[in-house]
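These numbers come from the heavy atoms of this one structure, side chains and all, not from hydrogens, waters or symmetry mates. Quick note on labels: first sequence line is chain A, next is B, and so on, each numbered from 1.
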Protein chains: 2
Amino acid sequence: MGRKIDMKKIEDVTKCQVTFSKRRSSLIKKANEVAVCCDVDVAFVAFSPSGRVSKFCNQRRIEDVLNRYVNLPVDKRLK
Amino acid sequence: MGRKIDMKKIEDVTKCQVTFSKRRSSLIKKANEVAVCCDVDVAFVAFSPSGRVSKFCNQRRIEDVLNRYVNLPVDKRLK
DNA sequence: GTAGCTATATATAATGT
DNA sequence: TACATTATATATAGCTA
């Protein structure tokens, strides 16, 4: 989408922040679409180097969905 | 993208599975792009009704990233 | 149950305001 | 320092096999 960019860290701080902001919105939108249309529970979290936290979950408590993964038997977690 | 679909559960089982498979790949691709280009740690998990588990993480141990969120002070988790 | 094709809808980098 | 626009690259629903 849009002009191509290299798959490497965007060094320009402002550009990096703008890109993250836009892409985060799109990711959340798409995660929500998959959750609704495909009837799956989705959770995602993101941490920026500065410690800013982002998240999305289609369920009420993201903690429950995250823990659901962490508490899976080890063999179910591997892929 | 592609022909429009309603934002509701896809009742046709096969169609639902195909859609999930395609969209999951795209989500993972985009999550990886954000992680690399914006230098953020990303983790996501998905659970289908049948119990199938999907995940993505740019770091070695997704458990660490998921727990990093769960272990945040409550005020940092809220949004 | 999978794997490509393609027409169309979206996403988005760069730019403008 | 954010929004809005736009030109282009992707994503993808429906088909096809």
Side-chain angles (χ1 to χ4, degrees), chain A residues 1-59 62 65-66 68-69 72-73 75-79, chain B residues 1-59 62 65-66 69 72 75-79:
Chain A
M1 347 47 144
R3 325 308 163 96
K4 241 182 211 276
I5 60 170
D6 291 340
M7 268 295 287
K8 63 173 187 180
K9 184 183 175 193
I10 298 169
E11 298 296 345
D12 182 283
V13 177
T14 301
K15 192 181 292 187
C16 184
Q17 288 174 339
V18 170
T19 295
F20 178 67
S21 175
K22 290 178 174 179
R23 282 175 173 258
R24 181 170 62 110
S25 299
S26 301
L27 260 187
I28 289 174
K29 185 179 176 187
K30 292 209 166 287
N32 185 56
E33 289 176 358
V34 170
V36 171
C37 295
C38 303
D39 192 27
V40 295
D41 287 341
V42 175
F44 93 78
V45 294
F47 297 89
S48 75
S50 61
R52 195 179 292 261
V53 182
S54 301
K55 68 166 180 175
F56 167 80
C57 187
N58 65 310
Q59 292 296 297
I62 186 172
V65 180
L66 299 181
R68 188 170 161 195
Y69 183 84
L72 282 177
D75 62 312
K76 294 245 176 183
R77 292 205 299 255
L78 299 177
K79 269 209 306 206
Chain B
M1 348 48 158
R3 324 308 163 99
K4 242 184 210 273
I5 59 169
D6 292 340
M7 267 297 285
K8 64 175 185 179
K9 185 183 174 195
I10 299 168
E11 297 296 345
D12 182 282
V13 177
T14 301
K15 192 182 292 186
C16 185
Q17 287 174 340
V18 170
T19 296
F20 178 67
S21 175
K22 289 178 175 179
R23 282 175 173 259
R24 182 169 62 108
S25 299
S26 302
L27 261 187
I28 289 174
K29 185 180 176 187
K30 291 210 166 288
N32 185 56
E33 288 175 358
V34 170
V36 171
C37 295
C38 303
D39 194 25
V40 295
D41 286 341
V42 175
F44 94 77
V45 293
F47 297 89
S48 75
S50 62
R52 196 178 291 260
V53 182
S54 301
K55 68 167 180 175
F56 167 79
C57 187
N58 65 310
Q59 293 296 299
I62 186 173
V65 180
L66 299 181
Y69 183 84
L72 282 176
D75 63 310
K76 294 246 177 181
R77 292 205 301 253
L78 299 177
K79 268 211 301 209

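- Between the base of D:dA13 and the side chain of B:Lys22 there is a donor-acceptor pair shorter than 3.5 Å.
- Rounding to whole angstrom units, CD of residue B:Glu33 and C1' of C:dA13 are separated by 13 Å.
- Across all strands shown, B:Thr19 has heavy atoms under 4.0 Å from sugar-phosphate atoms exclusively, and none from any base.
- In this structure, CG of B:Asp6 is placed 15 Å from C1' of D:dG14, rounded to the nearest angstrom.
- Separating the SG atom in A:Cys37 from the NZ atom in B:Lys9 is a distance of 11.5 Å, to the nearest 0.5 Å.
- C:dT10 atom C1' lies 13 Å from atom CZ of A:Arg23, rounded to whole Å.
- Regarding contacts with the backbone of C:dG1, every side-chain N or O of B:Thr14 stays at 4.0 angstrom or more from both OP1 and OP2.
- When distances are taken from the side chain of B:Arg3 to each of C:dA13, C:dT6, D:dA11, the shortest belongs to C:dT6.
- A side-chain donor-acceptor contact under 3.5 Å links B:Thr19 to the backbone of B:Lys15.
- Side-chain N/O atoms of B:Lys29 include one lying less than 4.0 angstrom from OP1 or OP2 on D:dA11.
- The NZ-P distance, from A:Lys4 to D:dA11, rounds to 10 Å in whole Å.
- Nucleotide D:dA11 holds its P atom 11 Å from the CG atom of A:Leu27, rounded to whole Å.
- Evaluated for a salt bridge (charged side-chain N to carboxylate O under 4.0 Å, His left out) with B:Glu33, the options A:Arg24, A:Lys8, A:Arg23 yield exactly one hit, A:Arg23.
- OP1 and OP2 of C:dT10 both lie 4.0 Å or more from every side-chain N or O belonging to A:Ser26.
- Summarising the geometry of B:Arg77 relative to A:Lys55, their closest heavy-atom pair is O-NZ, 3.3 Å, with the distance given to 0.1 Å.
- Atom NZ in B:Lys30 sits about 9 Å away from atom C1' in D:dA9, given to the nearest Å.
- Taking the ring centre of A:Phe47 as origin, the terminal cationic atom of A:Arg52 falls outside the region bounded by 6.0 Å and 45° from the ring axis.
- Atom CE in A:Met7 sits roughly 15 Å away from atom C1' in C:dA13 (whole-Å rounding).
- Computed from coordinates, the A:Ile28 CD1 to C:dA11 C1' distance equals 15 Å when rounded to whole Å.
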